Number of protein chains: 2
Amino acid sequence: MTGTFADSIENRFDPSTPASADPLLASELVTEIEFLAARAVSIGTARANSMLAPLDLKVRSYSVLALACTAEAPSQRELADFLCLVPSQIVAIVDALEQRGLVERIGDRNDRRSKAIRATASGKKLYKNASRAVREAEASSLEALTVDECDQLRGLLRRIAFTPAG
Amino acid sequence: MTGTFADSIENRFDPSTPASADPLLASELVTEIEFLAARAVSIGTARANSMLAPLDLKVRSYSVLALACTAEAPSQRELADFLCLVPSQIVAIVDALEQRGLVERIGDRNDRRSKAIRATASGKKLYKNASRAVREAEASSLEALTVDECDQLRGLLRRIAFTPAG
DNA sequence: TATTGTTATACTCTATAACTATA
DNA sequence: TATAGTTATAGAGTATAACAATA
């Protein structure tokens, strides 16, 4: 996710064809929250990925690392549910992080099927830097908003991201 | 995108493990707008896709169809830029829609390289139904918000989705 | 019987480069 | 030279089913 996204964004916002003049902005599609959110996410994810690239992380692996840094190390099943990923994807991501010594799998004594994923010291250290990189990418994506507006947006998104099925 | 998403959402929000009790909600990750938006979009896209399935559309093809319904039929390049997709992807999507007689490629007389994508009568008819389906999916995803809050959210997202690079 | 993690596999999505025809 | 569309291909991401170990 390096080139094309950024490229199309560049093209899209080329000064010679300002967004505000684009007739497509009059489309019904632009009134759909789903579309706007998807576009914002795809731009934001591309930025975050490119900021994370020097650390050899992507948003996916970064997210797993972040959750592995919490006090109560989550099981792989919990990671899958929380990140809306299939369990087999978690296996691959955790494998990669574990091979780099960033997280470790800890057998659960009560349920020996389950394995808790916990960040190592080195994983926590990397997470600190990664977190900073992601915040930086986010700040650049949210440049158009005031701090208060960011708080509003966070509150609204949090509610729809964690609301039981309609 | 049929099973796993819905399934993990079901698991995630199973009454026996309410979201509000999940220790992962205390993670720093949950304070990131990027993460919240990505989660909301992935849930919302799954819903929209399943609502569109009976019409043999997905959010991608639906979006192209929607833009093809605008007064000034966009070129494939404009579609690619607007939807943050690579031109070759647009080709595939337009091919599929064209084969179903939903859109047509119209050569531009001024620039014979360019082709405008315009919805046919049948395409416009399908779009009406598809649009209703998507609105329904959206309403279900946004159930937790009031109408005013939806307007707020739309306004904020629109600004970050269409802001020149930071 | 059901669930956790795992493997293997297939499928979809996305990206890249090379080509053509126009400009 | 540069751009619009196209093709072919490769790579990443995602989904499915089946299995072993455990509950």
Side-chain angles (χ1 to χ4, degrees), chain A residues 1-11 14 16-17 38 41-43 45-46 49-50 53 57-61 63-64 73-81 83-96 98 103-117, chain B residues 1-12 14 16-17 38 41-43 45-46 49-50 53 57-61 63-64 73-96 98 103-117:
Chain A
M1 198 165 297
T2 50
T4 309
F5 258 132
D7 290 349
S8 26
I9 293 163
E10 282 310 316
N11 292 340
D14 186 279
S16 60
T17 59
V41 165
S42 92
I43 295 172
T45 300
N49 275 336
S50 85
L57 288 172
K58 295 195 171 187
V59 286
R60 280 286 144 75
S61 43
S63 300
V64 169
S75 72
Q76 295 190 186
R77 172 67 50 173
E78 289 168 333
L79 289 173
D81 291 346
L83 298 174
C84 292
L85 295 177
V86 168
S88 59
Q89 293 182 57
I90 299 291
V91 172
I93 297 170
V94 170
D95 278 352
E98 194 180 38
V103 304
E104 48 193 359
R105 285 186 233 241
I106 301 168
D108 184 327
R109 287 177 192 168
N110 297 337
D111 183 344
R112 280 159 57 201
R113 293 172 304 180
S114 179
K115 295 174 189 174
I117 307 305
Chain B
M1 198 165 297
T2 50
T4 309
F5 257 133
D7 290 350
S8 25
I9 293 163
E10 281 311 317
N11 292 340
R12 179 70 190 67
D14 185 280
S16 60
T17 59
V41 165
S42 92
I43 295 172
T45 301
N49 275 336
S50 84
L57 288 173
K58 294 193 173 188
V59 286
R60 280 284 143 75
S61 43
S63 299
V64 169
S75 72
Q76 296 191 183
R77 173 66 49 173
E78 288 168 332
L79 289 173
D81 291 346
F82 200 75
L83 298 174
C84 294
L85 296 178
V86 169
S88 59
Q89 294 184 56
I90 299 293
V91 173
I93 297 171
V94 170
D95 279 352
E98 193 181 38
V103 305
E104 48 194 358
R105 284 185 234 242
I106 301 168
D108 184 328
R109 286 177 192 167
N110 296 338
D111 183 344
R112 280 160 54 203
R113 293 171 303 180
S114 180
K115 295 173 187 174
I117 307 304

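Everything quoted here is computed from the prediction, not taken from an experiment. Below, chains carry the letters A, B, ... as their sequence lines are ordered, and counting in each starts from 1.
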Does a nitrogen or oxygen in the side chain of [X] sit under 4.0 Å from OP1 or OP2 of [N]?
X: B/Q89; N: C/dA15; answer: yes
X: B/K58; N: C/dT12; answer: no
X: A/R105; N: C/dT6; answer: yes
X: A/S114; N: C/dG5; answer: yes

Length of the line joining [X]:[atom1] and [N]:[atom2], which is rounded to integer Å:
X: B/I90; N: C/dA15; atom1: CD1; atom2: P; answer: 12 Å
X: A/D111; N: C/dT3; atom1: CG; atom2: P; answer: 12 Å
X: B/L85; N: C/dA15; atom1: CG; atom2: P; answer: 8 Å
X: A/K115; N: C/dT4; atom1: NZ; atom2: C1'; answer: 9 Å
X: B/E104; N: D/dG5; atom1: CD; atom2: P; answer: 16 Å
X: A/N49; N: C/dC13; atom1: CG; atom2: P; answer: 19 Å
X: A/I93; N: C/dG5; atom1: CD1; atom2: P; answer: 14 Å
X: A/R109; N: C/dT4; atom1: CZ; atom2: C1'; answer: 19 Å

- prompt: Within the structure shown, what part of the strands sits under 4.0 Å from A/S88 by heavy-atom distance: base, sugar-phosphate, or nothing?
  reply: base
field: Base D/dT3 to side chain B/R113, donor-acceptor N/O within 3.5 Å cut-off
entry: yes
query: Is there a donor-acceptor pair closer than 3.5 Å between any side-chain N or O of A/S61 and the backbone N or O of A/K58?
result: yes
statement: Contacts of A/R112 and B/V94 projected onto DNA chain D by closest heavy atom; the upstream (5') one is B/V94
Heavy-atom pair of closest approach, residues [X] and [Y]:
X: A/A73; Y: A/A116; answer: O-CB, 3.7 Å
X: B/V41; Y: A/A38; answer: CG2-N, 3.8 Å
X: A/S114; Y: A/S75; answer: OG-CB, 3.5 Å

query: Which residues pass the side chain to side chain donor-acceptor pair (under 3.5 Å) test with B/R113, sequence neighbours left out?
result: B/D111
- request: Return the nearest nucleotide to the side chain of B/V86; candidates are C/dA15, D/dT16, D/dT7.
  value: C/dA15
